[in-house]
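Written below as structure tokens is the structure these notes are about.
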There are 2 protein chains.
Amino acid sequence: MNIGAAAGASGVTAKMIRHYEAIGLLRPAPRRPNDYRDYGERDVHELRFIKRARRLGFSMDEIGALLMLWRDRARPSREVRRIAEAHVGDLQARIAEMQAMAKTLAQLVRACHGDDRPDCPILDDLALGGSENRVSE
Amino acid sequence: MNIGAAAGASGVTAKMIRHYEAIGLLRPAPRRPNDYRDYGERDVHELRFIKRARRLGFSMDEIGALLMLWRDRARPSREVRRIAEAHVGDLQARIAEMQAMAKTLAQLVRACHGDDRPDCPILDDLALGGSENRVSE
DNA sequence: CTTAAACCTTCCCATCATGGCAAGGTCAAG
DNA sequence: CTTGACCTTGCCATGATGGGAAGGTTTAAG
């Protein structure tokens, strides 16, 4: 299977497949006599794995670790769970941060009459830092 | 005021101040005879404005627009509110997406015993795409 | 058989906000 | 006058992704 076919079958672009190989996430694909990369079902499977993990928001580093665990049929599920738990924690922290932003902003939007007049609580807040409601840092 | 002082007063690094100038977000600072950039209170104010807007998650494009509106004392608050509303919408969409990820992942974590045994619902899901609960795309 | 389309290969560049580093000019305090 | 703390510009790197060029291969149609 050529790289294009693998791309089609996995939903990962050919470009990204080469990239994943370049950064060591995937083992180098065997080459055919014409130097084309050759993929099998197993590789398509790994590509789909990567794609799904990306969709769940895992970082490339986390995916690297998950892939290694996945390839190791004797891995302890403990490891996998640890990574997933850490990621859930990450997600929750980012969600909380964004919710704080959205809340502050929604308050400001509510306070702004939003017509032709120039006075605007949103700009006032940005200028003066009224809601010094720091979300992190 | 030198760039370092402006950086200290605003919380924006000197590096980023130059960058903002380079990309046209800030007007080029006047130079002193020694070619040093010279800043005043007003500039520090703008830098703080930018910093606060970043903290609220506005994109650089949005900040550019907000800055222009801020400088225009006759702006209609309608414009400002529109930008802020759009950004709140953005935030909410991203929050929903991340919540969907976190939910799926939390379920998988709950299903994984997380011990020495190799079988793991988390990997199974990634491999087979059990929860084809697409979050976007 | 020739040609064109559709592949493949590698390599370079761009994004975006940010940081790091280097080489060289300037200024203030000792 | 030296030292150290500034300033200047410019280049490189990040990380995931896409764009595109230049050149080789395969395939299908003429």
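Because the structure is a prediction, the values reported are computed rather than measured.
A:E21 places its CD atom 14 Å from the P atom of C:dC8, with the value rounded to the nearest Å. A:H19 has its NE2 atom 6 Å from the C1' atom of D:dA16, to the nearest Å. Separating the OH atom of A:Y39 from the C1' atom of C:dC8 is a distance of 11 Å, rounded to the nearest angstrom. Atom pair A:K51:NZ and D:dA16:P shows a separation of 16 Å (rounding to whole Å applied). Between A:I17 atom CD1 and C:dT10 atom C1' the separation is 16 Å, expressed in whole Å. For the pair A:I23 CD1 and D:dT14 C1', the interatomic distance rounds to 13 Å; values are reported in whole Å. Here the P atom of nucleotide D:dT14 and the CE atom of A:M60 are 15 Å apart, to the nearest Å.
Of the candidate nucleotides C:dT18, D:dT17, D:dT9, C:dT18 has the atom nearest to the side chain of B:R54. Ranking D:dT9, C:dT18, C:dC8 by closeness to the B:Y20 side chain, first place goes to C:dT18.
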Using atom names, set out every protein N or O paired with an N or O of nucleotides 27-30 of chain C below 3.5 Å, distance rounded to 0.1 Å.
from: C:dC27; atom 1: OP1; to: B:N34; atom 2: ND2; distance (Å): 3.3

Hey, what are the protein-to-nucleotides 10-12 of chain D N/O distances that come in under 3.5 Å?
from: D:dG10; atom 1: O6; to: B:K15; atom 2: NZ; distance (Å): 3.1

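Judged purely by atom type and a 3.5 angstrom limit, A:E21 uses its side chain to pair as donor or acceptor with the backbone of A:A29. In this structure, the side chain of A:H87 does not engage the main chain of B:L105 through any donor-acceptor pair within 3.5 Å.
A:R37 has no side-chain polar atom (N or O) that falls below the 4.0 Å cut-off from OP1 or OP2 of C:dC8. One finds no side-chain N or O of A:R32 lying less than 4.0 angstrom from the OP1 or OP2 phosphate oxygen of D:dG24.
Side chains of A:L126 and B:L66 form a contact here, defined as non-hydrogen atoms less than 4.5 Å apart. Within the 4.5 Å cutoff, the side chain of A:L123 has heavy atoms near those of the B:R75 side chain. A heavy-atom distance below 4.5 Å is not found between the side chains of A:S77 and B:D119. B:Q107 places a side-chain heavy atom less than 4.5 Å from the side chain of B:R110.
Note on A:T13: only backbone sugar-phosphate atoms sit closer than 4.0 angstrom, heavy atoms only; bases stay farther off. Within 4.0 Å (heavy atoms only), B:R31 reaches sugar-phosphate atoms of the nucleic acid but no base atom. At a threshold of 4.0 angstrom between heavy atoms, the contacts of B:I3 are confined to the sugar-phosphate backbone, with no base atom among them. Base contact: B:R18 has a heavy atom under 4.0 Å from a base atom.
Within the model, atoms CD of A:E85 and CG of B:L108 stand 12.0 Å from one another, a figure rounded to the nearest 0.5 Å.
Counting only residues at least two apart or on different chains, the ring pair (Phe, Tyr, Trp, His ring centres under 6.0 Å) pairs with a member in residues 30-53 of chain A are A:H45-A:W70, A:F49-A:W70.
For B:R31, the CZ atom sits in a packed shell: over 12 heavy atoms of surrounding residues, nucleotides or ligands are nearer than 6.0 Å. In the displayed structure, B:R32 atom CZ is contacted under 6.0 Å by more than 12 heavy atoms of other residues, nucleotides or ligands.
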